[in-house]
Enquirer: 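Let me give you the structure first, and then I'll get to my questions.
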Amino acid sequence: MYLRQIWTIAAKDLRSEMRTKEALNASVAFSMVILILFSFAFDQAEDLKGLLGGLLWLAYAFAGALVLNRSFARELQNDCLDALISSPAPPSAIFLGKALANFALLMAVELISLGVFAILYDVRLSGKLGLLSLVMLLATWGITVIGTTFSALTVNLTMRELMLPVLIYPFLIPVLMSAMILTTDLIAGVPIATNLVWLRVLVAFDIAFTAVTVLYIDVVLVG
Amino acid sequence: MYLRQIWTIAAKDLRSEMRTKEALNASVAFSMVILILFSFAFDQAEDLKGLLGGLLWLAYAFAGALVLNRSFARELQNDCLDALISSPAPPSAIFLGKALANFALLMAVELISLGVFAILYDVRLSGKLGLLSLVMLLATWGITVIGTTFSALTVNLTMRELMLPVLIYPFLIPVLMSAMILTTDLIAGVPIATNLVWLRVLVAFDIAFTAVTVLYIDVVLVG
Amino acid sequence: MSLALEVAGVYKFFGDFPALRDVSFKVAPGSVVALLGRNGAGKTTLLRIMAGLSQPSQGSVKVNGAEAREAGTRRRIGVLGHSISVYDELSAHENLTMFGSLYGLDDAGKRADAMLDRVGLGRVRDGLAREFSRGMRQRLAIGRAFLHDPELLLLDEPFTSLDDKAIAVLQTMLKEMRDRGRTVVMSTHQLREAMELSTHVTFIQRGEVAYDGERQDEMLKDTSWLYRTYGDN
Amino acid sequence: MSLALEVAGVYKFFGDFPALRDVSFKVAPGSVVALLGRNGAGKTTLLRIMAGLSQPSQGSVKVNGAEAREAGTRRRIGVLGHSISVYDELSAHENLTMFGSLYGLDDAGKRADAMLDRVGLGRVRDGLAREFSRGMRQRLAIGRAFLHDPELLLLDEPFTSLDDKAIAVLQTMLKEMRDRGRTVVMSTHQLREAMELSTHVTFIQRGEVAYDGERQDEMLKDTSWLYRTYGDN
Amino acid sequence: MRQTILFLLAAVFAGILLWNGATILDLPQQVTNVGAYKIIYFHVPAAFTAFTGFVTALVASILYLATGKLRYDAFAAGVTEVALAFATANLISGMIWARYAWGIWWTWDARLTSMLVCLLMYYGYVMLRQAITEPTQRARLSAFMSILGCINVAFVYQSIAWYRTQHPSPVLGFREGGGMGPGLETPMYWNWLAMLCLATILASVRMRQGEFATEIDSLRRQAHSH
Ligand code: HEM
Ligand SMILES: Nc1ncnc2c1ncn2[C@@H]1O[C@H](COP(=O)(O)OP(=O)(O)OP(=O)(O)O)[C@@H](O)[C@H]1O
Ligand SMILES: Nc1ncnc2c1ncn2[C@@H]1O[C@H](COP(=O)(O)OP(=O)(O)OP(=O)(O)O)[C@@H](O)[C@H]1O
Ligand SMILES: [Mg+2]
Ligand SMILES: [Mg+2]
């Protein structure tokens with residue numbers, strides 16, 4: 001039952017997203033543009049290789065923001081959130097459903113951008129794809145959980161004017177930082193063993209945030 | 001009369017923004033975070049000086065997007081756009097009013113971020129502020145006009161969110177590019193004379209876009 | 001002083017779906033037209049086209065022989081749509097003043113106050129529209145549409161969410177308009193409230209005009225008479 | 001089989017403004033309550049608190065002695081607010097199926113079809129909600145609220161924008177509910193439509209209960225009787 | 001009439017192609033700093049044909065906005081699509097050339113990027129057209145878009161003079177700093193002419209198709225409205 005509710009929510013979000021391709025298109029376009037703009041901004045930099053991980057994750061973070069912002073905003077349209085909240089689905093199921101949908105969308109955007117990135121910046125990915133996808137999965141889940149939580153918080157009108165954006169971004173920094181370091185080193189061919197600590201940071205963050213959010217999301221969603 | 005209408009629209013936008021500070025807060029926070037993230041992402045880069053202009057304008061562009069996105073979205077809320085369009089105010093007055101408000105907001109965000117930027121990256125701005133503000137004014141007006149135009153262009157479409165990013169970003173690139181080059185060189189102390197061509201590009205773009213838009217905005221707004 | 005309206009051969013397609021099919025009728029200056037029809041008949045679509053908010057796929061709408069989109073014409077039209085078209089973040093008074101100055105009224109502030117008193121929002125003139133109840137929002141929207149004393153009024157379901165008092169106020173306002181020779185076109189499902197006022201009735205059925213003429217006495221007595229007689233059930 | 005509702009000492013403040021002041025009343029299982037009051041009286045605020053969508057500043061609401069927020073209770077409640085709460089990008093059928101499976105209905109798809117036929121949207125079951133007219137959207141929202149056959153229905157102005165046919169359908173649906181002993185609370189300004197059905201009336205005046213009791217025959221004959229007798233003007 | 005003109009154009013195109021192609025093949029291998037330089041006879045005219053197309057579309061768009069005649073819109077749409085094709089040809093031939101001359105497919109040369117941006121812009125134009133079903137709305141919005149786009153085309157055109165990067169500077173005589181060796185430049189113009197003929201043919205076919213589509217559209221609508 002719980003799983004079915006999660007799935008219903010996720011399927012609904014994915015379906016309406018697929019119908020308009022709003023967030024998806026926007027964020028793929030956005031990440032392309034970021035990649036292009038970066039190349040302008042940094043064409044003087046010689047050691048571009050050292051920047052690649054940072055560049056990639058910045059593009060992901062900003063493109064992802066578009067997907068995540070839409071996520072709960074979609075529920076505001078006809079006060080759909082009211083209907084969701086008054087349904088028997090527990091808030092954590094609503095949250096997980098939306099998070100799953102966001103995760104799928106983000107991964108799709110990231111994979112597309114990764115291909116473009118590899119061509120544009122002449123990065124050879126073969127042989128590194130396994131580890132890279134591990135990093136991507138972990139970091140993307142982190143971004144998704146934080147972003148979805150954030151978007152749930154902002155959906156409550158009275159809370160919106162608070163300093164939320166100021167509060168939330170700092171949370172993203174650890175995840176992004178770990179992902180950046182891991183990716184840069186992966187691309188440069190540094191063995192993962194030297195960076196195990198960052199991988200652990202990612203895993204720890206994911207678990208901690210998911211647990212806390214699932215536990216306390218009722219508080220956030222029901223005003 | 002025309003001026004009064006422009007001013008009425010601009011004042012309305014500024015007043016409602018000041019009341020919630022939604023876009024303002026979000027985009028200041030956003031640009032802070034970008035600046036911080038950049039410093040993480042690129043701490044390996046030695047020749048950071050060569051990147052500074054690019055970095056600053058990327059932050060501005062992304063933070064600005066938040067303000068610009070809100071701009072016509074605000075008119076969609078209770079179908080306010082209908083009331084505006086059926087008022088005798090000519091579309092160009094509506095456009096210019098909104099553009100002015102956006103411009104003021106963007107400049108505010110940029111000035112705040114500029115201060116933080118100067119501190120974080122240890123950039124001495126004294127003596128360069130005059131030219132830098134010239135560049136900022138010109139480029140910001142360009143970004144504002146393009147952003148406002150396209151949100152007006154797409155506001156009537158059912159596929160609005162889908163089209164907007166795909167259309168808007170390619171147009172922004174020339175303006176951003178010029179601004180980046182000019183800023184980087186200004187910070188590095190290169191005399192402006194060597195870059196006059198870019199200044200001219202900015203001016204030309206501003207004039208061309210403003211003129212075309214003011215001339216043809218009726219076509220766009222009345223669907 | 002008052003405006004005539006002419007709708008000629010208007011078609012409106014959404015994709016392949018014909019929301020309006022060859023709609024033609026005239027509104028004489030000074031008449032109050034009730035635009036009736038079932039859910040989905042095309043009333044809103046037609047009103048939006050008449051207001052110049054949407055373009056017909058074919059055909060034309062003329063206000064006193066001119067395009068509705070001309071600034072001079074627009075100044076003389078008042079529009080109230082489904083949505084209230086006021087800004088949530090502004091107060092009632094700010095909303096009206098703002099629209100007043102867009103219409104070039106010199107005493108926008110004073111007129112706004114008078115209008116707020118009229119629609120019963122005088123006591124909450126500085127309350128944000130966001131905090132209003134549904135009926136209060138509708139009252140504000142009515143105030144906005146009437147503010148510049150338009151010569152042609154286009155109203156889409158104006159009675160929605162209004163309580164008995166507000167309905168009485170709106171009816172009085174409309175009656176005044178009628179008595180001063182202004183033209184009104186309004187769509188509604190609250191037939192009783194509308195019929196009393198209207199001089200003409202236009203009945204739309206699946207995008208076509210099924211009845212267009214004076215209001216007849218049967219319609220006053222038995223509101224479903226029209227639907228039974230001219231509707232195809 | 002049917003739920004009782006108890007509102008005890010509910011206050012709701014928005015800032016300093018008391019939207020509800022010490023509201024207490026009971027709804028017996030199987031009764032149909034018309035929640036009446038002028039614009040801004042507090043009907044919507046009260047209904048949202050009863051539905052658990054908003055927390056009272058003081059006081060409590062109990063559904064059969066339990067919190068409205070419990071999942072078991074929520075399954076038995078149907079809510080229809082001001083807004084339609086359906087997804088614009090989904091078709092009518094997808095919307096209902098989706099809500100059906102959130103409520104754990106096994107035959108969500110079939111029920112959705114039956115409900116769409118009921119509210120007269122059978123022919124446009126695959127049309128996106130975004131493309132619907134106002135009344136069609138309201139019909140869809142009604143379908144959503146009735147879909148899981150709730151034992152307690154909370155409806156905020158359900159008759160809005162409906163045409164004569166749809167009003168008749170909704171009245172029949174409500175009558176069936178009443179006959180099957182279900183509990184209904186609905187706010188409305190369309191008194192004639194509501195009075196026929198209701199067994200009880202609760203009249204809110206500036207956030208306070210001014211009348212609470214059975215529907216009296218005067219109310220049927222003369223809808224403004226209530227306002228005149230219990231309203232303070 | 002229309003058909004005759006089209007056939008004539010096709011003949012001119014084929015003639016120039018044969019004769020000019022032979023000339024080009026005969027040219028000495030005298031430009032040494034870039035490998036496979038003969039691709040220039042495709043690369044550059046393609047770009048200029050594209051630019052010509054975009055400017056023509058600009059004129060047609062302005063005409064549409066002035067007159068409201070849907071024919072201008074159909075014309076602008078056709079020409080833009082064809083110009084887009086030539087711009088793509090320029091980009092692809094450039095990429096192939098880059099592979100020979102520089103050993104890479106792509107570099108973040110500002111010159112190349114500005115062309116890419118230009119392409120993206122006009123792909124946006126095509127997408128916009130596809131997203132709108134209402135013919136007059138489509139015509140109005142895309143005309144506006146076309147005018148905005150041309151501002152950027154001017155930028156792309158000029159950027160080659162502003163940047164001094166990897167991509168070669170102007171070579172054609174009529175531009176500042178241009179001028180190729182004797183006998184090298186003329187075939188370029190001939191190829192440009194040939195491509196213009198081809199572009200005209202394609203554009204008019206596309207326009208024809210557009211007109212048919214409109215007609216079918218209105219017929220279908222007529223059928224639906226009964
Ligand atoms: C993907 C890569 C490339 C793109 C997108 C590109 C784009 C263009 C464009 C748009 C023009 C002509 C328009 C103008 O003059 O304003 C042009 C001209 C030219 N290109 Fe390229 N190009 C590319 C690669 C190359 C390469 C690799 C070479 C040779 C090494 C090359 C050599 C030239 C030359 C010689 C001209 C003539 C310049 C003039 O007369 O203005 N291009 N290219
Ligand atoms: N944007 C749209 N896309 C597709 N179809 C639409 C769109 N807008 C309206 N329609 C269709 O056009 C028809 C007429 O809609 P309209 O809103 O004019 O009806 P209405 O007479 O105002 O109905 P109501 O009384 O319910 O408000 C409906 O069948 C509706 O589904
Ligand atoms: N978010 C809010 N902030 C401040 N005041 C509010 C808010 N929501 C409602 N109010 C106020 O509370 C009062 C009651 O509002 P409510 O929406 O409950 O009225 P209502 O009885 O439903 O009226 P209507 O018949 O117009 O729908 C109103 O005076 C309104 O201004
Ligand atoms: Mg309608
Ligand atoms: Mg209410």
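Note that these values count all heavy atoms, side chains included, but never hydrogens, waters or copies made by symmetry.
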Enquirer: Which bit of C:E131 is near chain D, if near means a heavy-atom gap under 4.5 Å: side chain, backbone, both or neither?
Expert: neither

Enquirer: Any chance you could measure D:T202, atom OG1, to D:I204, atom CD1, to the nearest 0.5 Å?
Expert: 6.5 Å

Enquirer: Are D:R48 and D:D156 ion-paired here, with the side-chain N under 4.0 Å from a carboxylate O?
Expert: no

Enquirer: Flag yes if more than 12 heavy atoms outside C:K110 fall under 6.0 Å of its NZ atom; otherwise flag no.
Expert: no

Enquirer: Please give me the minimum heavy-atom distance between D:G42 and D:L20, naming the atom from each residue.
Expert: O-CD2, 3.6 Å

Enquirer: Does any backbone or side-chain atom of C:S161 lie under 4.5 Å from a heavy atom of chain D? Answer side chain, backbone, both or neither.
Expert: both

Enquirer: Tell me whether D:R144 forms a cation-pi arrangement with D:F99, defined as NZ or CZ under 6.0 Å from the six-membered ring centre and within 45 degrees of its axis.
Expert: yes

Enquirer: So what's closer than 4.5 Å to chain C heavy atoms on D:T44: side chain, backbone, both or neither?
Expert: neither

Enquirer: Which atoms of C:S224 come close to chain D, meaning under 4.5 Å heavy atom to heavy atom: side chain ones, backbone ones, both, or neither?
Expert: neither

Enquirer: Do you know which of C:L191, C:I167, C:D164 has the most heavy-atom pairs under 4.5 Å to chain D?
Expert: C:D164

Enquirer: Would you call C:D163-C:R139 a salt bridge at under 4.0 Å N-O?
Expert: yes

Enquirer: With a 4.5 Å cut-off on heavy-atom pairs, point out which of D:T45, D:L162, D:L36 contacts chain C the most.
Expert: D:L162

Enquirer: With chain D, which of C:H189, C:E157, C:R134 has the greatest number of heavy-atom pairs at distances under 4.5 Å?
Expert: C:R134

